[in-house]
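Scroll down for the structure; my scribbles are underneath it.
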Amino acid sequence: MSPTVEGLHHASAPSAPVLAAYSYCEAVTGTQARNFAYGIRLLPTDKRQAMSALYAFSRRVDDIGDGTLDPGAKLARLEETRALLGRIRAEEIDEDDTDPVAVALAHAARRFPIPLGGLDELIDGVLMDVRGQEYETWDDLKTYCRCVAGAIGRLSLGVFGTVGPGEHAEEYADTLGLALQLTNILRDVREDAGNGRTYLPAEDLAKFGCAEGFQGGRAPAGSDFPGLVHHEVRRARALFTEGYRLLPMLDRRSGACVAAMAGIYRRLLDRIEREPMAVLRGRVSLPTHEKAYVAVRGLSGLDARTVSRQSARRRA
């Protein structure tokens, strides 16, 4: 059952060390989060702080996986991070601890019913990266996406809470995370290939003649790369449609946060669909003014109202 707004457990007002730890996490989010930061700016202070703490911890995990350490050192660092998460879960982090991310996340976990096991899932997903796991089918890739993105959706829902009946809220949050991650995978095809990684399912690559991969930012000769991209875009759109059913279950500002983040990725997906070959030339992105427009649209509640009307028509 998803937590309700009324059921949130609030810790005491943050002390000076905790506020400093939150400020550190917000700085990390503001400088490194790109698209994520546009959404969380729309949240009230306590939720914004908690989401920044979640982002900073998640970023630490991602940076280990994407860094230059050898695989053995990465595995050791990830297990150290898992042990730190265990200390946070056991409420063993003091406010004067030297790790600001741990201090902030520990306070956020007392403030909101955050399912910290989702961060264990994130670590599991990054371990898949370190071990060079590849994915034969969409179901295989979906398992990875649930770890690295679906779990983030469920963690975020612990901060947002739900208003009214929240049945299936966790499922929708998870699905929206999958939609965002699949969009990321499409956007980063060239970058991932340069790092020796292939995320798209092997059966999809073979179907469109792309089994050889994308070395040098080129599709294999004779392949139907646009067909592959459009196939994955359709899959991502179906996930967005299902995941957007979360919006009417959130309060106005939490819904605005989610609508802004998801809206940015949906527009990225639109660009990728219009020009599939662009992802082999470099990272596709949105201009700042367009991201700002999506954030304002989210704050207006337009997306949530649209989803509510569509749901009502389905029930009629």
Side-chain angles (χ1 to χ4, degrees), residues 29-42 51 55 58-59 62 66 138 141-142 144-146 148-150 152-153 156 172-195 197-201 204 210 214 217 219 225-247 255-300 302-304 306-307:
T29 304
T31 57
Q32 299 187 43
R34 295 194 184 105
N35 299 330
F36 186 82
Y38 275 85
I40 68 170
R41 288 173 186 163
L42 305 177
M51 290 297 290
Y55 175 83
S58 301
R59 182 74 191 199
D62 286 341
D66 293 337
W138 164 239
L141 178 59
K142 190 159 55 175
Y144 169 78
C145 292
R146 288 198 189 284
V148 299
I152 302 302
S156 300
Y172 297 148
D174 183 275
T175 300
L176 200 52
L178 265 64
L180 269 59
Q181 186 62 26
L182 184 53
T183 304
N184 264 340
I185 287 171
L186 286 172
R187 181 194 64 185
D188 295 342
V189 163
R190 179 189 174 103
E191 180 180 335
D192 289 334
N195 291 327
R197 293 179 182 171
T198 301
Y199 289 100
L200 292 174
D204 293 354
C210 296
F214 311 105
F225 182 73
L228 171 65
V229 170
H230 289 147
H231 176 74
E232 305 300 345
V233 165
R234 287 192 295 271
R235 177 174 280 154
R237 286 199 186 285
L239 292 168
F240 272 116
T241 298
E242 181 72 8
Y244 260 54
R245 296 173 72 177
L246 175 66
L247 293 181
C257 172
V258 173
M261 289 188 288
I264 287 170
Y265 278 86
R266 286 188 77 173
R267 282 172 175 257
L268 280 174
L269 201 63
D270 291 341
R271 289 193 168 208
I272 292 169
E273 182 179 37
R274 287 195 301 269
E275 195 176 359
M277 301 304 294
V279 299
L280 294 179
R281 296 195 293 270
R283 174 173 285 204
V284 178
S285 61
L286 296 184
T288 300
H289 70 84
E290 193 166 349
K291 292 180 182 180
Y293 167 77
V294 174
V296 171
R297 178 187 170 96
L299 194 58
S300 74
L302 179 59
D303 292 315
T306 299
V307 173

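Everything quoted here is computed from the prediction, not taken from an experiment.
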To the nearest 0.5 Å, atom OG1 of Thr29 lies from atom CZ of Arg41 at 10.5 Å
Value for CG (Leu180) from CE (Met261), rounded to nearest 0.5 Å, stands at 8.0 Å
For Gly255 and Leu247 the tightest heavy-atom approach is O-CD2, 3.7 Å
Audit row: Asp204, Arg235, side-chain contact (heavy atoms from CB on, under 4.5 Å) steps and yes/no: CA-CA 12 Å; Asp204 293 354; Arg235 177 174 280 154; 3.0 Å; yes
salt_bridge(Arg237, Asp270) N-O dist < 4.0 Å: yes
Between the CG atom in Leu141 and the CG atom in Leu200, the distance rounded to the nearest 0.5 Å is 7.5 Å
Correct closest heavy-atom pair for Val284 and Leu268 would be O-CD2, 3.4 Å
To the nearest 0.5 Å, atom CG of Leu239 lies from atom OH of Tyr244 at 12.5 Å
Between Pro276 and His230, the two heavy atoms sitting closest are CG-NE2, 3.6 Å
When you measure from the side chain of Arg187 to the backbone N and O of Ser285, does any donor-acceptor pair fall under 3.5 Å?
no
So OG1 of Thr183 and CD1 of Ile264: to nearest 0.5 Å the spacing works out to 12.0 Å
Item to complete: Report yes if some heavy atom in the side chain of Arg271 is under 4.5 Å from a heavy atom in the side chain of Leu286; otherwise report no.
Response: yes
Has Tyr265 got a side-chain atom pairing as donor or acceptor with Phe240's backbone, closer than 3.5 angstrom? no
Looking only at heavy atoms, the pair that brings Ala259 and Val294 closest together is O-CG1, 4.1 Å
Heavy atoms of Ala179 and Ala236 approach each other most closely as CB-O, 4.0 Å
Item checked: Criterion side-chain contact (heavy atoms from CB on, under 4.5 Å) on Ile185 and Cys145, from CA distance to verdict -> CA-CA 10 Å; Ile185 287 171; Cys145 292; 4.2 Å; yes
| Going through the checks in order, is the side-chain contact (heavy atoms from CB on, under 4.5 Å) test met by Val229 and Phe225? | CA-CA 6 Å; Val229 170; Phe225 182 73; 3.5 Å; yes
Between Arg190 and Gly217 the two heavy atoms that sit nearest each other are NH1-CA, 3.4 Å
- Task: Decide side-chain contact (heavy atoms from CB on, under 4.5 Å) for Thr288 and Tyr38; before the verdict, give the C-alpha distance in whole Å, the side-chain angles of both, and the deciding distance to 0.1 Å.
- Result: CA-CA 10 Å; Thr288 300; Tyr38 275 85; 3.1 Å; yes
Between the CG atom in Leu178 and the CG atom in Leu182, the distance rounded to the nearest 0.5 Å is 8.0 Å
